[in-house]
Amino acid sequence: MPIRLLPQPAPSVPAQAGPGADSRGADAYGPASGEEPFTARFAGLRLVHAALRRDLARLPNALRLLQPDEEEKGEALLRHWTFMTAMLTCHHEQQDTRIWPIVRRFAPELRLLLNWLEADHHNLDHSFTRVTTLVRIASRDTGSAWPVAYAMEDLAARLETHLRIEERQLLPRMERVVADSSRLGGLGELLDLLRSADGPGTADALAWLLDGVDPVQVERLLDECDDDVARNWPHWQATYQRCTAPLWGPSDGGASEGSLGSLVD
């Protein structure tokens, strides 16, 4: 069955201005006068990275603050962690089966790096599976919350190394070998792949990806999506914010403190 972040569809997610985001490219939708150039290339990849960083920064503390009588919050926390892990798995499958083969063809000098990244994907997936078992226990037994929160943070540090290698060594090279007009690694392509897979639903995935992204950038990113997605976005976002508020409070509607509020450095 499809993996759902929440009992009902929901939306709200992050933006990315982390290490490795390339600010050299021109706006894929055309430069706006008086504005800084907006880089939307490989937005699907960058948004997943930003969302992972955002949630791995706040989930450990949410777990530490969990009280014994907060069963509903514990279930929501486990549901969010499980959804995030499912998104990571889909992200790795997208890279290993669709993106890396194209990069290998046009940039053969990167084959050794791609082989290492693919192997590390499998190692990370196994590590997240192990921590999921611990989170399931801690969400019901708060006595184990602190050790499990430390395990989350150790895993976040491990993942950060992987993300930086992709952003600093791979994405700049992809900028040169992938055509500007290509959908490869974009948000629209990612949502299309999720629709065809037995994984997270479109509403949940988009909400998670755009949680904390600047509203102006959200509008530009939605241009990559079909009309149905753009039309339903306000409802998805409101539902997501309402359902995740018990975990870390209501959203202010913009880029949150500590989040990656821009896709551009």
Side-chain angles (χ1 to χ4, degrees), residues 5-6 8-59 62 80 83-84 87 91 163 167 171 183 185-192 194-195 200-265:
L5 172 59
L6 305 160
Q8 295 178 331
S12 166
V13 175
Q16 167 127 2
D22 196 335
S23 60
R24 295 172 300 169
D27 188 343
Y29 305 106
S33 58
E35 294 183 1
E36 290 296 321
F38 175 79
T39 300
R41 299 210 61 193
F42 315 125
L45 300 181
R46 298 182 192 276
L47 284 168
V48 171
H49 287 192
L52 291 168
R53 286 184 171 113
R54 178 205 64 220
D55 280 0
L56 287 170
R58 62 188 181 180
L59 276 167
H80 198 93
F83 175 85
M84 182 190 70
M87 284 296 301
H91 174 64
L163 299 183
E167 292 165 355
L171 290 187
R183 299 177 75 242
L187 178 58
E189 184 208 38
L190 174 59
L191 296 180
D192 288 346
L194 289 172
R195 290 189 189 100
T202 301
D204 300 302
L206 189 64
W208 181 76
L209 288 168
L210 298 182
D211 183 9
V213 177
D214 183 88
V216 174
Q217 293 186 11
V218 169
E219 291 300 317
R220 295 184 177 186
L221 289 165
L222 289 176
D223 287 344
E224 292 191 34
C225 307
D226 57 44
D227 292 341
D228 183 65
V229 168
R231 182 171 58 253
N232 285 290
W233 164 247
H235 169 67
W236 294 348
Q237 182 184 43
T239 305
Y240 175 93
Q241 291 174 347
R242 183 173 66 253
C243 294
T244 57
L247 289 177
W248 26 71
S251 170
D252 61 5
S256 58
E257 183 179 357
S259 70
L260 297 174
S262 172
L263 287 171
V264 187
D265 278 336

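Heavy-atom basis, side chains included; hydrogens, waters and symmetry copies ignored.
- For the pair L221 and E224, the minimum side-chain heavy-atom distance is below 4.5 Å.
- We find the NE2-CG distance between H80 and L247 to be 7.0 Å, quoted to the nearest 0.5 Å.
- The shortest side-chain heavy-atom distance between L45 and E167 does not fall under the 4.5 Å cut-off.
- Residues passing the salt bridge (charged side-chain N to carboxylate O under 4.0 Å, His left out) test with D227, sequence neighbours excluded: none.
- Atom CD of residue Q217 and atom CG of residue L222 lie 12.0 Å apart, to the nearest 0.5 angstrom.
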What's the verdict on side chain to side chain contact (heavy atoms under 4.5 Å, CB included) for Y240 and D204, showing C-alpha distance, side-chain angles and the deciding distance?
-> CA-CA 8 Å; Y240 175 93; D204 300 302; over 6 Å; no
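- Put simply, CE on M87 and CG on L47 are 9.5 Å apart, with the number rounded to the nearest 0.5 Å.
- With sequence neighbours excluded, the residues satisfying salt bridge (charged side-chain N to carboxylate O under 4.0 Å, His left out) with D192 are R183, R195.
- When all heavy atoms of D228 and R231 are compared, the closest pair comes out as OD1-NH2, 2.9 Å.
- Interatomic distance, CZ of R54 versus CG of L59, reported as 9.0 Å (0.5 Å rounding).
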Stepwise side chain to side chain contact (heavy atoms under 4.5 Å, CB included) check, L191 with D226 = CA-CA 10 Å; L191 296 180; D226 57 44; over 6 Å; no
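- Minimum heavy-atom separation, F83 to P200: CE1-CB, 3.4 Å.
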Apply the test salt bridge (charged side-chain N to carboxylate O under 4.0 Å, His left out) to residues D223 and R220: give CA-CA distance (whole Å), side-chain angles for both, the deciding distance (0.1 Å), then the verdict.
-> CA-CA 5 Å; D223 287 344; R220 295 184 177 186; over 6 Å; no
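- Between N232 and T202 there is no side-chain heavy-atom pair separated by less than 4.5 Å.
- Heavy atoms only, all atoms of each residue included: V218 and W233 are closest at CG1-NE1, 3.7 Å.
- Ring planes of H91 and H49: perpendicular class, angle over 60° (limits at 30 and 60°).
- The shortest side-chain heavy-atom distance between W248 and D55 falls under the 4.5 Å cut-off.
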